[in-house]
Structures are given as C-alpha cells and as structure tokens.
Amino acid sequence: MISNGADHLVPQKPQDSGPHATSGSEALSPAPWSAALERDPGMPASTWRLRSDAWEYLRFAVKRLALGSDAVEVLASDSEIHRSLRALETIEMYWAGFGQRYVRDIGDLLEAGDYRTALDRIGRVVHRLRGDTVPDEPRDEHLEEQERTELSADPDPRPRFEVLVIDETTAADRDTMRADGLRLRAPADAFIYEFVVVPSADDAVAAVLTNPNILACVVRPGFSDHTHQPLSRDLRESIHLARAQVAEGSASARSSLASVQRVLGLADTLAAIRPELDLYLMAGAHIEDLAGALTRRFRRVFWREDQLELHLSLLRRVSHLYDTPFFTAIQGHARRPVGVFHALPVARGGSVVSSKWIRDLVDFYGLNLLLAETSATSGGLDSLLAPTGTIKKAQDLAARAFGAKHTFFVTNGTSTANKIVHQALVAPDDVVMVDRNCHKSHHHAVMLTGARPAYLEAYPLNDFAFYGAVPLDRIKQMLLDYRAAGRLDEVRMVTLTNCTFDGIVYDPERVMAECLAIKPDLVFLWDEAWFAFAAFHPVTRRRTAMAAAKNLEQRLKTPAHAAAHHAQQERLHDADGNPAADAVWLEERLIPSPDARIRVYATHSTHKTLTALRQGSMIHVYDQEWRREAEEPFHEAYMTHTSTSPNYQILSSLDIGRRQVELEGFELVQRQLDLAASLAQAIARHPLLRRTFRVLTAHDLIPADHRGVGRPMPLRHGLATMWKAWAQDEFVVDPSRITIEISRTGVDGDTFKHEHLMDRYGIQVNKTSGNTVLFMTNIGTSRSAIAYLIEVLVKLAERFEDEQSQRHPEDRLPLEAPMPPLPDFSAFSPGYATDDVLPDGDMRTAFFHGQQRKNIEHVLPEELRARVAAGEQPVSAGFVTPYPPGFPVLVPGQVITSGVLDFMAVLSTREIHGYDPRRGYRIFTETRS
Ligand SMILES: Cc1ncc(COP(=O)(O)O)c(C=O)c1O
C-alpha cells in the first residue's frame, strides 16, 4: 500500500515543515485517503506514513463534521470516518502510545455527536506523530491518568523505545503491565520504554514488520497462533512469508515438545525479520524446562513476576546498542586539558585560534572539531593499525550490526577497502573473475596484486547507455571453461558489485552457492559500496553478502541439503565420474557440497548510504578460513593501504552511524524506500510528468530471462510483492533509486543535471547517462525534499514542453539512443594473455611496461583507426576510464579494436581519465609476443 501515499504527496501536503513544504491540511483532498482506506481496510504495509496519514485524514474528515459541512458530504465522510477508525484500531494495536482504547473512545465521542472533543483528541495524536509540541490538555474527565500523561507535552528528552509483549492477555493484565512499567521508571534511567501487547504470533510479526520503535520482545508462552485483526492482504501475505521463511530454513529449530517448538519458531521468525531485536522469554510453571531448551534463542528467561529484572535487562541492552566507544573516547579527549608535544598543529585549535588570518576555520566548523583532533593513540583513543581498545570495540559492534564475523573501519573510502581485500586474498598469477563494469578500484587492485583478471560482462542496457549486472550463467560458464581447460585451481576469487550504481541487485546466496558447487573453495568479494543500508530492512537484508553468507552456512549444515547435493551429483556426472555437458550444469540450480567453505567479504561505502563522514567505509568479513588462512595476510594488506594518520572524525562518525542503524535503521530504511516509491508513483501518475519523463522499472532494467514474471515495481504493490521478487528473481531493482528516462525533454542527461537541476534549482544528482537521470534517495531524504523535487520536475516539464512546442516539428526531439554499445572486453594481447583459450592476462606486467616512456607512444584516434583498418592490433598501455560509464573501457595490455574506438568517438563526457585529447591514446610501440 505504499502507493497510497504517493497520490497526494506533492500537491497537497508534505508532512514535515521543511523549507519547501506546502502548508495546511485544510488543502488536503480527501479522495486519495479514502481510496487508500477503501482498498486496504486493515493495515498498510508501510505504517511509517500511513499511520500518521490515517490520523491526518481522520482529522480532516472530523473537522468537516465539526464545522457542519453540507449534508451529503457529511454522510460520505461519516462512512469514511468509520472505515478509518476501524483501520486505526488495528494500526494502533501495534504501537505504544495511544492504543486501541483511545481510538474506540474517539468513535464513542463521534457517535455521541461530540465532534469538537473528538477533533481535539485526534489533533493531539497528529501533533505527536508530527513531533510538534502538544498544546496543554484541557480538563477532560474521560481521560485516564496514563492517557493524560501520554497526551501532555512530553518534556522528557530521553530517547524512547517500545517493547513488544506477546501473550493472550486481558485488558486488566495489560493495564497492570503498563502500570508496573511506569512504576519501575527511575529518573536515572537513560531511556524510556513502553509496552505494546499483542495476543498472537501473527500479530507479533505484524508489529515488528511495521513498528520500528520496537527494540525488544518479551515472549510469554500463552500467545496464540493467528490474528483476529482484519489485516490487509499485503500484511497477511508478508506475515506468511516471514513465518514460512523460518519454517523452511531452520532445521536446527526442532524440538520434540510442541510448546517449545512454537516458542522457538516465533523467536526465529522475529530474529530473522529484525536481528537487532532483543528477545526475552517470560514463563511461569515450566520455566526450568523451557530455560534448558530455549536459552540459545533468548537473551534471558525470566520468571513471570520478575518485572524488575526484565526492566533492568531492557535498559541495559539498549545502552549496549547506544554505546559508542570511540566517539565517547573522542569526546572525552576533547574535554580533557592536554598539552600537545606531538604532531598536528591544529590539535586543540593550537595553530588556528591564535592566528590573525585563519580563525574563520573555527568560526565555521566550531572549536570541537579541533579539540577532537589529535595524532595521539593513547588516552583511550586506540590505534586503527593495531586496535585493542575503543576502536576494536567499535569495530566489533559494527560487526554485530552488519551481521559480520569481523569488521574493519577504513578511512579512505571503499576505493581503498577493495584494494585491501584483493591484496589480502589473492597472489600474483591467481585468476580473479571481475565484473568488467565494476569500480576502477578493483581493476587497480588486480593490477597491484599481479592477479590475472578474467573479465565478466554485465548485460548492457543499450537503450539507456549503461550496464546491468553479470548473469549467473555467464559466471558459471566461465568457471566451467576454466575447469575444461584444467585451470580451475587457479581461480581464486569472484568479485561483483552489489548493488550496481544503477540499483541492480544480485542474489548473492544463489550466486555463491552455484559457484561453490563448481569450485568449493572460492572466495567472494561483494562490493556493496552502495548497499550498506540494505542490512536494516528485512527484505533487502537477505540480498546482502553477510546475510547470504550466514544463510548459506546454515543451509550447508542441514541433512536435507546434503541429500539434495548427493542426488544432484548423480545427475551431473556419468557412471565414471565425468561431468555431464556444460548445458546440464547451466540448467540445474547447482547445490554446493556440504564441505564447501564460506569465504565472503563485503566492502561498504558507509558514507554513501548511512551516517558517516565522507570516505568512511567498512570491510565486513564472514570467512570460515579466517584464522587458518586469511587473518594474517589481511592485516598485512590492511597495513599496506591504511594511513598512519587515520582521520578520527571519520572513525567516530562510523561508530555513531552504527549506533543509529542499530536503533533506528529499520525505520529510516523503511521511510526511504517508501519515499522513493512515492516519487516514482508521483511521476508515473502526474499527467505532465508522465508525458515528459518515464520511470524505468525492473522490466526496463532487467532482461526478461533474468527476472521473474513479477511486477515492474514490486514495492508499489506492497511489501509482500517485493518480498517475493527479492526471494525469487535472479536480479531485482533497488527501489530506493529512481532512474528516469528524459529523452522527451530534448536535452541530454548531463545538461539536465548541470543546467537545469543544479544551476536553476540547486538539486544535486549523481549519475546521468545520455538519456537518463538517476535520483537516489537515502536515509536523510525527507518528505519535503521529495515534494520539492517533484515541484521542480513539474516546472521543468512545463518548460521543456513549451520549448518543444516552439520548435519546428522536424527539429523536435526525442533524442536518439545516446551511445553505441560498448563492445565486450576484446582480449589481452598475446604478449600479456595467459593462453589463447581463456580470457585472463597479466595486467600488472602490462601496466609497468606502460609506465616506461621508452615503451609507449601517443596516437590520435584517426591514425589509430587507420592502423586498425590496416590489420594492426594496437595495445593499450594504460587504463582509459570515461565518466560515465565510470569503468575502464581499456586496461593495460588490452587490444584496441574498432568497436572501442567507435564507442569512444561518440562519448560526450567531460571526464576521461587516462586519455589526453591533444595527444590521443597511449599505446605500446611494440607489441610483445
Ligand atoms: C561500486 C563502487 N565501489 C567502490 C567505490 C569507491 O568508493 P569510495 O568513494 O568510498 O572510495 C564506488 C564509488 O563510487 C563505487 O561506485
């Protein structure tokens, strides 16, 4: 039901009050809201917005009643009000604060014709959800004490969270529980929590899927299985998918006791949806039996009456999530009087505050920046190069947050993180299978290590002049080719970009499983520069490298997996043990041996999608051979590339960014996806925008063979639809990115980006192609920002339409497809190719030959074209990387073909690294043989 939110997003009223927000809920048209409620009377999938939207709509409708608008309208709104009250009654069940009783009371007030009091009550919720200060509560005898406290302006600045209790309870039980919770609150507590109580496992899943404030769950064995709430189909299906996924996956969750089995099943489901949730079990009569069987799943098992222990545990656990060891150490350092007899004149503001000329540095950034600057590693600050204290602890916490076994902070971006991983894992002459379309840091890393790259081709998207991802059958085929040539043992690592810049997402679990079935000791490096956020949403998480590694590890341990593997091996081999034809291996979904090793690395540009200062990146490790094989080489590689003066501000931002995602990552990612879906929807629905721009969907960005038959934009149809696509399809599109096709504007992507979006309206976008523009949302994107973007797109569309209408019909664009397709990687020249069968080559030797002046010449494109036509095979002496597409079109040692020259000839990009337009291509004077 995310779509519901989009209809009214722009023209009517964004909720937050940013600089571009339009104002006044009075301007709100009721139609979309009522439609939303009509289609989805139970519960929307993204309650982040629909909870507040539903309250806003209720306020609008009741206001009309209170003002005594015309009778027909009033009648219509009367039934809308009933529907929305019904919906809210369900929604509120999953949130602390107002609760179902509050909604029912409003219903009673309306029934009694007391519209003004009802309006006042509704207004208080709306203000609370908007984060406004709630006006003083007028005296109202109906209100109970607790509700009164909830509604009064909340002066308590302490962070709040919610605790889900799953148990069949009576209203009196719930009141006692809440009262106990209030009684236990102490002024010294760092946080405040409130209970959300639901009766069944279904409701528990619904609550954790929709309410991101829940940080802990207390399971009491009295819960029932199914919900009695009138939930939307989407939510019902999502609950089913969440529960089924655990039923399939966790063969370890078996117990002969049915009661234990239910509790285990629920605990596993909740943990699979939100691993950051803290789980407690509260039991009565059979606590000892349960404790023995269940402690692995729960942080603690409590005797039912032990409220105080529970209270203390809840607060303690959140304080662990809140803890930021390095950030805290930096603050401590900044506050401490110290004398600097060390490097770094800016430390303590030394060279700046006493300066006559550069004090504006402090004025602008604030003194804390300099107070926190130090080159010391003592006094609680730790050393990034040999961490044993606060940095080590901060990295361990990050590993927990991202589901890794080990995490390492990197202060020079993922460009460096990738080089560290390559250097740690591969040796000269190892073959590394690299997506040719990947970031240049991989190409450079391969060159530095002396490994031999075997380039994998991503599928091209010729209509839009960019590239997708590498289909799994190509990866498998390449491995099979190495096997056929007797060189499989040389293949060491596969590295792929997940997700790609344009948002194409692999299924890493499937890719790794099938590759490991061919070579069981392969190492994987997943470049997740753009995907750090994905670890914090239950649907996107499954396609992160770390989650995939963990799932695969668990899967490989199950007897069912071993049986399936053995059965498949029989099909894949003849009686003499010879492998069947490649076609059979390509057709089957390969099942790896239970003995395959899980060796997975992921690099994150944390700064690109989460809170971290620029260049703040992380390396996450899930490697079963870590201790035995990888740890020491990894540290050597880390030392090679890490500055001896790492930036402490970057490190502390990584630490606090981790705190944020553990405590509110789900909320932020959910909101981000929802906002992006709203943007896409608004463009697709608005008549003028629709005529001018086209939002590219999975059907445009993924060839039919590589996706299911599903919806073009699954999230638009709800969480369950997205869940299914993300569980099944070979590739999916990251819904937080919106690529629009702009050929009907008559301007190209670069002009659109610079002259229109940036210069006219101050809107920054990152990537364009000739006829597309990519809008990325992130966890900081606000509803007003989306509203502003749509407002700007409308203005631009009007302008483009006007300009087009003034052109002579023959001059009217659309633009042609903007670039010819880039030909596949030609080949390494015979002097650098390993053999004439397989694609890898010795790029490092070629690179260093190319660095010597005596070996190279510069040749202008026309002459080079003539040489190629005459049958020569010129060889590139360096990397040539145009932006876009942003990856090397030529690498050292690669044969330059006419296809490459054609491609380069029509590039209109401003930036081409490694190519000097005055002197031409850098090629070898002599071709080695
Ligand atoms: C896929 C990919 N990997 C790595 C990088 C490099 O990341 P960083 O900018 O953090 O060095 C980028 C940068 O855009 C990228 O797109």
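Order of appearance sets the numbers: ligands from 1, and atoms from 1 within every ligand.
- With a 4.0 Å heavy-atom cut-off, ligand 1 is reached by the side chain of D527 but not by its N, CA, C or O.
- Looking from atom 8 (P) of ligand 1 to the surrounding protein, the closest heavy atom is T414 N, 3.3 Å.
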Check your understanding: What's the verdict on ring-ring contact (aromatic ring centres under 6.0 Å, His included) for Y601 and H406, showing C-alpha distance, side-chain angles and the deciding distance?
Key -> CA-CA 10 Å; Y601 292 72; H406 309 277; 9.5 Å; no
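- Residue H607 touches ligand 1 through its side chain alone, judged by heavy-atom distances below 4.0 Å.
- Heavy-atom contacts of S617 reach the following atoms of ligand 1: 10 (O) (cutoff under 4.0 Å).
- Taking the six-membered ring wherever Trp is involved, the centroid distance between the rings of F326 and F409 does not fall below 6.0 Å.
- Each of the atoms 10 (O), 11 (O) of ligand 1 lies under 4.0 Å from some heavy atom of G413.
- Any N or O atom pair closer than 3.5 Å counts here, and T497 shares no such pair with ligand 1.
- Which of S415, A529, S605 comes nearest to atom 10 (O) of ligand 1 through a heavy atom is settled by distance: it is S605.
- Scanning the protein heavy atoms around atom 9 (O) of ligand 1, the nearest turns out to be K608 NZ, 3.0 Å.
- A salt bridge is absent between K392 and D382; no separation between the charged side-chain nitrogens and carboxylate oxygens falls under 4.0 Å.
- For T416, no nitrogen or oxygen atom sits less than 3.5 Å from a nitrogen or oxygen atom of ligand 1, counting backbone and side chain alike.
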